[in-house]
Amino acid sequence: LKRGRFAEALPFYQAVLNGSTNNGKALSNLAVAYASLGRQDDAVRTFRAAIGVEPLNPTNHFNLAVALETSGDSPAAMESHNRALEIDSRFAEPRLRLAAILQRIGKSKEALDLLRSGLRNLPESVSLLETISYLLATHPDAGLRNGAEAVSYAREAVRLTTGTSPTALSALAAAYA
């Protein structure tokens, strides 16, 4: 999978499984291959099978959520992102994706609260800091915008990356604007 040869990997994962569906790693990798090939229905079905074998694997819940998002099922994706966070509250990616869904459906305040709660568990998460900074700096609702707070989050992201992250620097520029 690391080489991006997903179509070539399918028969190998299918052979490993060969009628047995109790190999969570093989199921997860097969689902990743399906998703990478745009076969979202197969990916969703296979991620669900992987979760059946490894219900406490947050990555499987996250990957299922992404496949569901890609399929257009935001409510189910939100449930899977939340489940991944219940299992591992320090897993930043589901938090970021869930916040993006919340923003798309007009729940930016909830998104901001979710992101801020993530910083309690991951105070040095540059991606959380950048995302919060952008939201506070650029949100169309003046009641949610807060330039000074956006600058504070962006400065921390720049500090943590020693000024080498273009995204952190861009967040700082947006916060100052």
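Since this is a predicted model, take the numbers as computed values, not measurements. Positions are given from 1 along the sequence. Side-chain atoms are counted along with the backbone in the values below, which use heavy atoms only and exclude waters and symmetry mates.
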Considering only heavy atoms from C-beta outward, does the side chain of E130 approach that of S165 to under 4.5 Å?
yes
Can S89 and R120 be counted as having a side-chain donor-acceptor contact under 3.5 angstrom?
no
For side-chain contact (heavy atoms from CB on, under 4.5 Å), just list the numbers for D113 and K109, CA-CA rounded to whole Å, side-chain angles, deciding distance to a tenth of an Å, and then say yes or no.
CA-CA 6 Å; D113 292 344; K109 172 74 171 88; 2.8 Å; yes
Using the ring pair (Phe, Tyr, Trp, His ring centres under 6.0 Å) rule, collect all pairs that involve residues 106-133, keeping only residues at least two apart or in two chains.
none
Quick one: salt bridge (charged side-chain N to carboxylate O under 4.0 Å, His left out) partners of E156, sequence neighbours excluded?
R159
Tell me whether L144 is reachable from L129 by hopping between hydrophobic residues (I, L, V, M, F, W, Y) whose side-chain heavy atoms are closer than 4.5 Å.
yes
Show every donor-acceptor pair shorter than 3.5 Å between a side-chain atom in residues 166-177 and any protein atom, with sequence neighbours excluded, or say none if there are none.
from	atom 1	to	atom 2	distance (Å)
S170	OG	Y134	OH	2.5
Y176	OH	R155	NE	3.1
Y176	OH	R155	NH2	2.6

Heavy atoms, side chains only, cut-off 4.5 Å: are S127 and L96 in contact?
yes
side-chain contact (heavy atoms from CB on, under 4.5 Å) between N121 and R95, worked out:
CA-CA 11 Å; N121 295 322; R95 188 174 303 279; 4.1 Å; yes
For the CG atom of L115 and the CD atom of E110, what is their distance to the nearest 0.5 Å?
11.5 Å
Name all pairs fulfilling the ring pair (Phe, Tyr, Trp, His ring centres under 6.0 Å) condition that reach into residues 63-118, sequence neighbours left out, sorted by first residue then second.
F62-H81, F62-F91
With sequence neighbours excluded, what pairs up with E54 under the side chain to side chain donor-acceptor pair (under 3.5 Å) test?
N57
Apply side chain to side chain donor-acceptor pair (under 3.5 Å) to D73 and list each qualifying residue two or more places apart in sequence or on a separate chain.
none
Rounded to the nearest 0.5 Å, what separation is found between the CG atom of N63 and the OG1 atom of T59?
6.5 Å
Under the side chain to side chain donor-acceptor pair (under 3.5 Å) test, which residues partner R48, sequence neighbours left out?
none
Holding to side chain to side chain donor-acceptor pair (under 3.5 Å), I want the full list of residues that pass it with T161, two or more places apart in sequence or in another chain.
none
Salt bridge (charged side-chain N to carboxylate O under 4.0 Å, His left out) against K25, all qualifying residues, sequence neighbours excluded
none
Of all the heavy-atom pairs spanning A150 and L136, show the shortest one and how long it is.
CB-CB, 3.7 Å
Between A35 and Q40, the two heavy atoms sitting closest are O-NE2, 3.1 Å
What is the distance from atom CG of L114 to atom CG of L85, rounded to the nearest 0.5 Å?
6.5 Å
Shared ILVMFWY cluster between L122 and L112, side chains joined below 4.5 angstrom?
yes
Between D41 and R45 (salt bridge meaning N to carboxylate O under 4.0 Å), is one present in this structure?
no
Say you draw a straight line from CZ of F47 to CG of L30; how long is it, rounded to the nearest 0.5 Å?
9.0 Å
Side-chain touch N23/L27, heavy atoms, less than 4.5 angstrom:
no
Residues 74-89 vs salt bridge (Lys or Arg N to Asp or Glu O under 4.0 Å), sequence neighbours excluded, gives R83-E86
With the 4.5 Å side-chain cut-off for hydrophobic clustering, are I51 and L56 part of the same group?
no
Smallest heavy-atom separation, I87 atom then P58 atom, equals CG2-CD, 3.7 Å
Can you list everything that forms a salt bridge (charged side-chain N to carboxylate O under 4.0 Å, His left out) with E149? Sequence neighbours excluded, please.
R116
Shared hydrophobic cluster, V158 / I132 (ILVMFWY, side-chain heavy atoms < 4.5 Å):
no
When rounded to the nearest 0.5 angstrom, what is the spacing between OG in S80 and NE2 in H61?
7.5 Å
Linking I/L/V/M/F/W/Y whenever any side-chain heavy atoms sit under 4.5 Å apart, do L102 and L119 land together?
no
Where L160 and P123 come nearest, the two heavy atoms and their spacing:
CD1-O, 4.5 Å
Residues at least two apart in sequence or cross-chain that pass salt bridge (charged side-chain N to carboxylate O under 4.0 Å, His left out) with R90, listed by chain then number, are none
With rounding to the nearest 0.5 Å, note down the distance linking CD in Q103 to CG in L135.
4.0 Å
